[in-house]
There are 2 protein chains.
Amino acid sequence: MTAGSTDTTSDGVNPRPRGGRMPRRERRVQLLESALEVFVAQGYHAAAMDDIADRAGVSKPVLYQHFPGKLDLYLALLDTSCDLIIDNCREALASTNDNRDRVTATMKVFYSYVASEEGAFRLVFESDLTSEPDVRERVDRVTTECASMIADVIRTDTGLPDEASELLAVSLVGMAQVSARFWLAGGGQIAQDDAADLIAGLAWRGIRGYPMTDDH
Amino acid sequence: MTAGSTDTTSDGVNPRPRGGRMPRRERRVQLLESALEVFVAQGYHAAAMDDIADRAGVSKPVLYQHFPGKLDLYLALLDTSCDLIIDNCREALASTNDNRDRVTATMKVFYSYVASEEGAFRLVFESDLTSEPDVRERVDRVTTECASMIADVIRTDTGLPDEASELLAVSLVGMAQVSARFWLAGGGQIAQDDAADLIAGLAWRGIRGYPMTDDH
DNA sequence: AACATCGTGGAGGTCAAGATCGGCGTGCAG
DNA sequence: CTGCACGCCGATCTTGACCTCCACGATGTT
């Protein structure tokens with residue numbers, strides 16, 4: 001009994017049935033999906049190209065016929081995920097003119113992002129390839145871009161200096177991403193919207209007093 | 001002769017003079033210092049044991065006579081850094097009974113931690129070995145432990161439920177660590193204490209308004 | 001002063017993982 | 001029926017990094 005039974009190779013993952021033939025374009029998206037699952041579950045370094053190929057139900061050469069290397073595959077997925085969160089953040093900020101609603105909407109964007117089934121946020125917030133400059137640049141860009149958009153609002157409405165606005169905005173983004181990640185790890189003790197509302201309230205109380213309030 | 005001149009370690013090319021002989025205990029701490037520099041500069045995976053040995057001015061076998069393997073070496077440094085930030089956080093919270101001062105003191109702890117010359121915070125906040133459960137557990141413990149201590153204060157003073165207190169505390173920790181990291185990356189446009197005060201003000205305005213505020 | 005001891009150094013083994021080359025089966029035009 | 005093209009797979013190569021074996025020199029003792 002060398003093979004044949006579709007048993008789990010290593011973990012609780014079930015590889016796809018082997019032998020199906022499909023056009024290139026379709027195969028490519030399937031490979032991307034499989035790669036995302038493996039990278040999310042194991043991280044970049046622990047993920048082997050064999051694992052991704054097995055997960056997709058194909059052999060390794062097929063994978064290399066679609067992507068030149070492991071890093072390219074990872075960067076493709078990373079770019080998609082980075083663009084998603086940045087675009088959603090932009091839309092949330094543009095969705096209203098009330099700053100309190102802006103805070104809530106942006107917070108919900110982060111919580112939805114983290115709660116999404118695919119878990120792609122791990123590539124961005126928990127990447128284990130930060131030594132690679134291409135990865136570092138993209139990961140940092142998520143925080144800096146989101147923060148920059150928020151900082152524009154802060155600066156416009158408060159008149160604070162650029163550096164202070166940026167730092168405040170970065171801290172709001174940090175609050176959102178870290179709390180969302182640990183909310184998810186907590187296992188759903190609190191409903192997603194309740195958690196987002198709670199933290200949005202914290203953030204809003206923090207920044208709403210800034211234009212006119214002096215310290216103490 | 002064994003001059004401990006730890007000058008700027010920007011890129012890691014700074015091998016020590018070779019040939020110096022020293023007692024075990026001293027050699028061990030020197031190896032730890034060298035390993036920290038290399039891990040901080042290059043990350044876990046990119047760092048080779050040869051690099052660490054060369055950095056310390058010794059050869060590879062002596063490194064293995066002091067530490068059984070690469071992971072143990074990394075975990076030793078990680079533990080030290082994790083304990084440091086957790087203990088400092090605890091002391092900051094115990095240093096006063098005024099919650100506003102608690103927030104400021106805790107924020108300054110994070111900024112000092114990130115600004116410390118050795119850059120050990122990168123092992124905790126930017127580790128590239130999160131796939132290893134031992135590492136993941138320690139890294140997460142920093143946030144959860146710090147948050148737990150803060151959550152105790154929040155729960156006591158506000159009467160909020162446990163889960164809400166924990167989530168608020170986690171978000172404050174996230175705000176601190178992310179903003180501190182990006183403040184450092186910003187290159188010192190703002191003075192360290194000013195940045196910490198700014199974010200502490202944001203955090204305090206956020207949480208001070210919650211139910212049952214005990215103002216003296 | 002000579003010898004034994006111990007720490008040090010360079011060169012090498014092992015193995016995992018990324019990247020690749022000749023064969024196989026299927027569908028279609030002629 | 002037959003040749004062709006295309007997609008796919010088993011088996012292999014190579015690189016790089018972690019981890020040990022034989023010489024050498026310094027130190028303490030008689």
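Computation of the quantities below employed the complete heavy-atom set of this structure, encompassing side-chain atoms and omitting hydrogens, waters and symmetry-equivalent molecules. In the text below, chain A, chain B and the rest are named by the order of the sequence lines, each starting its count at 1. Only a predicted model underlies this, so the values are computations on that prediction, with no experimental measurement involved.
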Do A/E126 and B/R136 sit within salt-bridge range, that is, some charged N less than 4.0 Å from a carboxylate O?
-> yes
Return yes if a side-chain donor-acceptor contact under 3.5 Å exists between B/Y113 and B/S81, otherwise no.
-> yes
Whole-Å distance separating the CG atom of B/L63 from the P atom of D/dA17 = 15 Å
Relative to the 5' end of DNA chain C, which residue comes earlier, A/D50 or B/Q65, by the nucleotide with the nearest heavy atom?
-> B/Q65
Would you mind classifying the nucleic acid contact of B/A47 as base, sugar-phosphate or nothing, using non-hydrogen atoms under 4.0 angstrom?
-> sugar-phosphate
Please state how far atom CD in A/E26 lies from atom P in D/dC6, giving the value in whole angstrom units.
-> 19 Å
CG/B/L129 to CG/A/D128 distance, rounded to the nearest 0.5 angstrom?
-> 8.0 Å
Looking at D/dC18, C/dT8, C/dA19, which one has an atom nearest to any side-chain atom of A/K70?
-> C/dA19
Grab the CG-C1' distance between B/L73 and D/dC19 for me, whole Å please.
-> 14 Å
Parallel, tilted or perpendicular: which describes the rings of A/Y44 and A/F39, with under 30° parallel and over 60° perpendicular?
-> parallel
A/R24 side-chain N/O to D/dC6 phosphate OP1/OP2 under 4.0 Å | no
About how many Å separate CZ of B/R155 and CG of B/L168, when rounded to the nearest 0.5 Å?
-> 11.5 Å
CD1 of A/I52 versus P of C/dA17: gap in Å, rounded?
-> 13 Å
Could you tell me the separation between the NZ atom of A/K60 and the C1' atom of D/dT14, rounded to a whole number of Å?
-> 12 Å
Verify the contact: side-chain N or O of A/R27 to OP1 or OP2 of D/dC8, cut-off strictly under 4.0 Å; return yes or no.
-> yes
In whole angstroms, how far is the P atom of D/dA17 from the CG atom of B/L71?
-> 17 Å
Gap between atoms CG and P, on B/D128 and D/dA17 respectively (whole Å) | 14 Å
Whole-Å distance between D/dC18 C1' and B/D51 CG?
-> 13 Å
Distance below 4.0 Å between A/Y64 side-chain N/O and C/dT20 OP1 or OP2 | no
The side chain of A/P61 lies closest to which of these nucleotides: C/dT20, C/dT8, D/dT20?
-> C/dT20
Taking only the side-chain heavy atoms of B/A48 (C-beta and beyond), determine which of D/dC18, C/dG9, C/dT8 contains the nearest atom.
-> D/dC18
